[in-house]
K.L.:
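Below you'll find the structure I mean.
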Amino acid sequence: METCFDFSRCEKHGFKVFVYPMEREDPVSESYLKIITSIEESRYYTSNPEEACLFILNIDTLDRDHLSIQYVHNINDKIQGFPLWNDGRNHLIFNLYSGTWPNYTEDLGFDIGQAILAKASFYVENFRPGFDISIPLFSKEHPQKGGERGWLYQNSVPPKKKYKLAFKGKRYLTGIGSDTRNALHHIHNGKDIISLTTCKHGKDWEKHKDTRCDKDNSDYENVGVGVMSSLRNAQMGVTSLLHVMSSLWNAQLGVTSFDAVLVWAACIPVLLSNGWELPFSEVIDWSKSAIVGDERLLLQIPSTVRCIPSDKILAFQQQTQFLWEAYFSSVEKIVQTTLEIIKDRIFRRESRPKFLWNTLPGGLLALPEYSTHLGDFPFYHLQHGSSPSGKFTAFIRAVSPVVSLSQPILKLIQTVSRSQHCAQILVLWSCEKPPPPRGKWPQTAVPLTVIHGRRKVSDRFFPYSAIGTDAVLSLDEHTSLSTSEVDFAFVVWRSFPDRIVGFPMRSHFWDSNQSQWGYTSKWTNEFSMVLTAAAFYHRYYHSLFTNYLPASLRSLIDQLSNCEDILMNFLVSAVTKLPPIKVTQKKQHQERSKSAAVSSGNLQFSQRQDCLNQFAAWFGYMPLVHSQLRLDPVLFKDQVSVLRKKYRHLEKP
């Protein structure tokens, strides 16, 4: 990086990425369009090349097989005419295929100069560590956003699967990779180890046909119910040589065998590949999720996998599911991971430790701008036996002028300040009229600070430096709580610091008649959101809300003066894959209009339903998770003496 990358371009404007404007005459594949779209929708995109730290070509370089119809000719002549090219310095080039069967050389057909190469199926001998990036091979059907979740729905020890080892794919009759694939039948026993291969590859496969081909082809097409069923019933799946993988496409799935094994089928990848640089190897610890073997020792694989204990198999399976959902399930995540690796190289002082990349929720959701210290995040306390700080900051958003001593916000400040866990109270003043002078605010035992906002709803989730505790108690000015309710909710939150813990709940549902998501405030036993009108969460989510979510979503909620609480629930559920936590409350929260522009309750409700669908579209899936759990204090509502109850005031009318 030091010799082939100009770091000075990144000093003034930070890590910004410029995409060359697309030209009509240049053909662009669907996959490359997804890559470009992912970059243009990212927080790093800039339309000004003068601000850019990194440049992306408008020329499709994914398929460099000269026999492919998507092969772009004369790339050298085109890039030499670009004034920003500069021999490729600070450029990033994406590539999925190079060369042609049977040799599959890594010749791209043009000179990349000093550009960084993000390539699938990378030879170790051609890979430049710390500069190039090995990416996963993905098909044109791979989703832009979201992506299907993995298939490990139930944790069981020992794993309840029919097969110990499974493989299904094409075997080359000649060329690179054919030796290993042709030898796979030696480990097939038809019981706990299955290997289904077909000779049908290429137009002239019959010229090289051997005596096993007819039976292999028949078994491949007829045995079982397809590769996915085979893999779902297997504990481990064999993935062979990178050369084979780089051109192996299953017509039924449109995915590589690596994708199918790694994540969809919840199998442990068994990688038989000498000289293959594993995807994102710079940050991913593959020793926790894959078995990497020597292709020359193929016959030892069965005994090797049979010796792995059940608890380790489950741990490997869980890690494959995490890796899939964090880095591989969509083109957007593949692109984001690539960009974040490069960014960490450039800004080494703010780079993520490898632990963050290999532990939930993953490197993409652990922003190094916030911190690189594990204890500052809400996710890692359990692994390290630590706890979040024992105090909280009350954060109250005020949108109405204070004209009376009986206004709810003043009572709320007094109630919260009496909590033994309250460290400070911050009032976000979002009213047109100025706040009352210091002497008009209630006298409190903790500091009270007024922050002047911009009268935008997104302000309530800005990472203010004044927030000095891990826990934030988010409150609306009209919220009514008792000190006991606040104390109990905070104690619950300390056990679940990565979740939203609070009082008012809402839910979502799929409306099949309208073919869209619906929003409901009905008081039922099931919920998927806890409104931030009265809820605890970790202050890190302020940083994620402001720095991770796109500006377009924040602009939407600011225009509506609505839905910011729904967006925060989307964000936290997307990070944790878990629902919020509801705690007991004496009074039911009523949603109130937040500005004159939203004076009608029906209009506000309609807006919130629209928000639900727009947020789901951006995330690419519905991250909200339903729950029926409510946490109450011990002895709550029990017919025992009130003196035996710690939070006795919770039951007072």
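Here the structure is a predicted model, which is why all the values come from computation and not from measurement.
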K.L.:
Measure the shortest side-chain to side-chain distance between Leu54 and Ile346 over non-hydrogen atoms and say whether it is less than 4.5 angstrom.
P.N.:
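Counting from C-beta outward, Leu54 and Ile346 never come under 4.5 Å.
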
K.L.:
With Leu412 as reference, evaluate Val486, Leu475, Ile425 under the side-chain contact (heavy atoms from CB on, under 4.5 Å) test and give the passing residue.
P.N.:
Leu475

K.L.:
Compare every heavy atom of Gly518 with every heavy atom of Gln609, then report the nearest pair and how far apart it is.
P.N.:
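Shortest heavy-atom contact: OE1-CA, 3.5 Å.
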
K.L.:
Output yes when Lys354 and Asp344 qualify as a salt bridge under the 4.0 Å nitrogen-oxygen rule, no when they do not.
P.N.:
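Judged by the 4.0 Å cut-off on N to carboxylate O distance, Lys354 and Asp344 do not form a salt bridge.
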
K.L.:
If you compare all heavy atoms of Arg455 against all heavy atoms of Ser430, which two are closest, and at what distance to 0.1 Å?
P.N.:
CG-O, 3.1 Å

K.L.:
Please report the shortest heavy-atom distance between Gly146 and Ser329, naming the atom on each side.
P.N.:
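Heavy-atom minimum between the residues: O-OG, 3.0 Å.
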
K.L.:
As a quick check of understanding, evaluate side-chain hydrogen bond (donor to acceptor under 3.5 Å, both in side chains) for Ser404 and Ser406, giving each step before the final call.
P.N.:
CA-CA 5 Å; Ser404 169; Ser406 62; 2.9 Å; yes

K.L.:
Answer yes or no: is there a donor N or O on one side and an acceptor on the other, between the side chain of Asp558 and the main chain of Val457, under 3.5 Å?
P.N.:
yes

K.L.:
Could you check Ser38 against Gln336 for side-chain contact (heavy atoms from CB on, under 4.5 Å), going step by step and ending with a plain yes or no?
P.N.:
CA-CA 8 Å; Ser38 298; Gln336 282 183 350; over 6 Å; no

K.L.:
For a 4.5 angstrom cut-off between non-hydrogen side-chain atoms, does Phe536 reach Val492?
P.N.:
no

K.L.:
Does any non-hydrogen side-chain atom of Cys611 lie less than 4.5 Å from one of Asn562?
P.N.:
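A side-chain contact under 4.5 Å is absent here.
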
K.L.:
Charged N to carboxylate O below 4.0 Å: is that the case for Arg43 and Glu340?
P.N.:
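Here Arg43 pairs with Glu340 in a salt bridge, since their nearest N and O are under 4.0 Å apart.
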
K.L.:
Quick one: does Tyr540's side chain have a donor or acceptor within less than 3.5 Å of a partner on Ser371's backbone?
P.N.:
no

K.L.:
Quick one, Tyr44 and Lys343 - any side-chain contact, counting heavy atoms below 4.5 Å?
P.N.:
yes

K.L.:
Checking ring pair (Phe, Tyr, Trp, His ring centres under 6.0 Å) between Phe545 and each of Phe462, Tyr537, Phe461, which is the one that passes?
P.N.:
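Passing option: Phe461.
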
K.L.:
Begin from the C-alpha positions of His381 and Ser387 and carry the test side-chain hydrogen bond (donor to acceptor under 3.5 Å, both in side chains) through to its verdict.
P.N.:
CA-CA 6 Å; His381 293 294; Ser387 298; over 6 Å; no

K.L.:
Scan for side-chain hydrogen bond (donor to acceptor under 3.5 Å, both in side chains) pairs involving residues 411-420, sequence neighbours excluded, and state none if there are none.
P.N.:
Ser419-Asp487

K.L.:
Ignoring hydrogens, what is the shortest heavy-atom contact between Phe605 and Ser521? Give both atom names and the distance.
P.N.:
CE1-OG, 4.1 Å

K.L.:
Would you please test Phe347 and Glu369 for side-chain contact (heavy atoms from CB on, under 4.5 Å) and show each step?
P.N.:
CA-CA 10 Å; Phe347 303 98; Glu369 300 95 318; over 6 Å; no

K.L.:
Where does the angle between the aromatic ring planes of Phe355 and Tyr380 fall among parallel (under 30°), tilted (30 to 60°) and perpendicular (over 60°)?
P.N.:
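Plane angle over 60°, so perpendicular.
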
K.L.:
If you measure from OG1 on Thr372 to CZ on Arg349, what distance do you get to the nearest 0.5 Å?
P.N.:
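One gets 12.0 Å once the value is rounded to the nearest 0.5 Å.
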
K.L.:
Just how far is it from atom CZ of Phe328 to atom NZ of Lys333, taken to the nearest 0.5 Å?
P.N.:
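The NZ atom of Lys333 is 11.5 Å from CZ of Phe328, to the nearest 0.5 Å.
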
K.L.:
Taking Tyr541 for the side chain and Asp498 for the main chain, is one N or O donor matched with an acceptor at less than 3.5 Å?
P.N.:
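It does hold such a pair.
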
K.L.:
What's the separation between atom CD in Gln318 and atom CD1 in Ile268, rounded to the nearest 0.5 Å?
P.N.:
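Gln318 CD to Ile268 CD1: 10.5 Å, rounded to 0.5 Å.
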
K.L.:
Would you say Trp493 and Pro388 make side-chain contact, with heavy atoms under 4.5 Å?
P.N.:
yes

K.L.:
Which donor-acceptor pairs under 3.5 Å do the side chains of residues 440-450 make with protein atoms, sequence neighbours left out?
P.N.:
{"residue": "Trp441", "atom": "NE1", "partner": "Pro436", "partner atom": "O", "Å": "3.2"}
{"residue": "Thr444", "atom": "OG1", "partner": "Val446", "partner atom": "O", "Å": "2.6"}

K.L.:
Is there a side-chain contact between Tyr464 and Leu428 in this structure, where contact means two heavy atoms from C-beta onward sitting under 4.5 Å apart?
P.N.:
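Yes - at least one pair of side-chain heavy atoms lies under 4.5 Å apart.
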
K.L.:
Nearest 0.5 Å, what's the CG-CD1 distance between Leu426 and Ile451?
P.N.:
4.5 Å

K.L.:
Verify, without hydrogens or angle tests, whether Glu51 (side chain) and Thr46 (backbone) share a donor-acceptor contact under 3.5 angstrom.
P.N.:
no

K.L.:
If I compare all heavy atoms of Val427 with all of Ala398, which pair ends up nearest, and what's the gap?
P.N.:
CG1-CB, 4.0 Å

K.L.:
To the nearest 0.5 Å, tell me how far Arg644 CZ sits from Leu635 CG.
P.N.:
6.0 Å

K.L.:
Quick one: ring-ring contact (aromatic ring centres under 6.0 Å, His included) pairs with a partner in residues 608-631, sequence neighbours left out?
P.N.:
His508-His626, Phe570-Phe615, Phe570-Phe619

K.L.:
Step by step, work out the side-chain contact (heavy atoms from CB on, under 4.5 Å) result for Phe509 and Trp517.
P.N.:
CA-CA 6 Å; Phe509 63 94; Trp517 294 105; 6.0 Å; no

K.L.:
Output yes when a side-chain donor or acceptor of Asn358 lies under 3.5 Å from a complementary backbone atom of Asp285, and no otherwise.
P.N.:
yes

K.L.:
Check whether any side-chain N or O of Ser606 sits under 3.5 Å from a backbone N or O of Leu603 as a donor-acceptor pair, and report yes or no.
P.N.:
no

K.L.:
Do the non-hydrogen side-chain atoms of Lys522 and Ser507 ever get within less than 4.5 Å of each other?
P.N.:
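No, side chains not in contact.
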
K.L.:
Answer yes or no: are there more than 12 heavy-atom neighbours, outside Arg438 itself, under 6.0 Å from its atom CZ?
P.N.:
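Counting other residues, nucleotides and ligands, CZ of Arg438 exceeds 12 neighbours.
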
K.L.:
Any side-chain heavy-atom pair from Leu544 and Leu367 closer than 4.5 angstrom?
P.N.:
yes

K.L.:
Taking all heavy atoms of Ala534 and all of Pro504, pick out the closest pair and write down the distance.
P.N.:
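The pair with the smallest heavy-atom distance is O-CD, 3.6 Å.
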
K.L.:
Passes side-chain contact (heavy atoms from CB on, under 4.5 Å), Thr479 versus Asp476? Steps please.
P.N.:
CA-CA 5 Å; Thr479 299; Asp476 280 354; 3.6 Å; yes

K.L.:
Would you confirm whether the ring centroid of Phe377 sits within less than 6.0 angstrom of the ring centroid of Tyr370?
P.N.:
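Between Tyr370 and Phe377, the centre distance is under 6.0 Å.
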
K.L.:
Classify the side-chain pair Thr320/Ser289 by whether it contains a donor and acceptor separated by less than 3.5 Å.
P.N.:
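Their side chains do not contain a donor-acceptor pair, so the 3.5 Å distance test is not met.
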
K.L.:
What distance do Leu374 atom CG and Ser386 atom OG have between them, rounded to the nearest 0.5 Å?
P.N.:
9.0 Å

K.L.:
Without swapping roles, check the side chain of Glu41 against the backbone of Glu332 for a donor-acceptor pair under 3.5 Å.
P.N.:
no

K.L.:
Would the distance check show the side chain of Ser400 and the main-chain N or O of Cys431 forming a donor-acceptor pair, the cut-off being under 3.5 Å?
P.N.:
no

K.L.:
Do the side chain of Ser389 and the main chain of Asp470 share a donor and acceptor less than 3.5 angstrom apart?
P.N.:
yes

K.L.:
Does any N or O in the side chain of Arg499 come within less than 3.5 Å of the main-chain N or O of Pro579, such that one atom is a donor and the other an acceptor?
P.N.:
yes

K.L.:
Using a strict 4.0 Å threshold on nitrogen-to-oxygen distance, state whether Lys456 and Glu564 make a salt bridge.
P.N.:
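No salt bridge links Lys456 with Glu564.
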
K.L.:
Determine whether more than 12 heavy atoms belonging to other residues, nucleotides or ligands lie under 6.0 Å from atom NZ of Lys577.
P.N.:
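For Lys577, atom NZ is crowded (more than 12 foreign heavy atoms under 6.0 Å).
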
K.L.:
Can you tell me which residue among Arg397, Arg460, Arg608 is in a salt bridge (Lys or Arg N to Asp or Glu O under 4.0 Å) with Asp565?
P.N.:
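That would be Arg608.
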
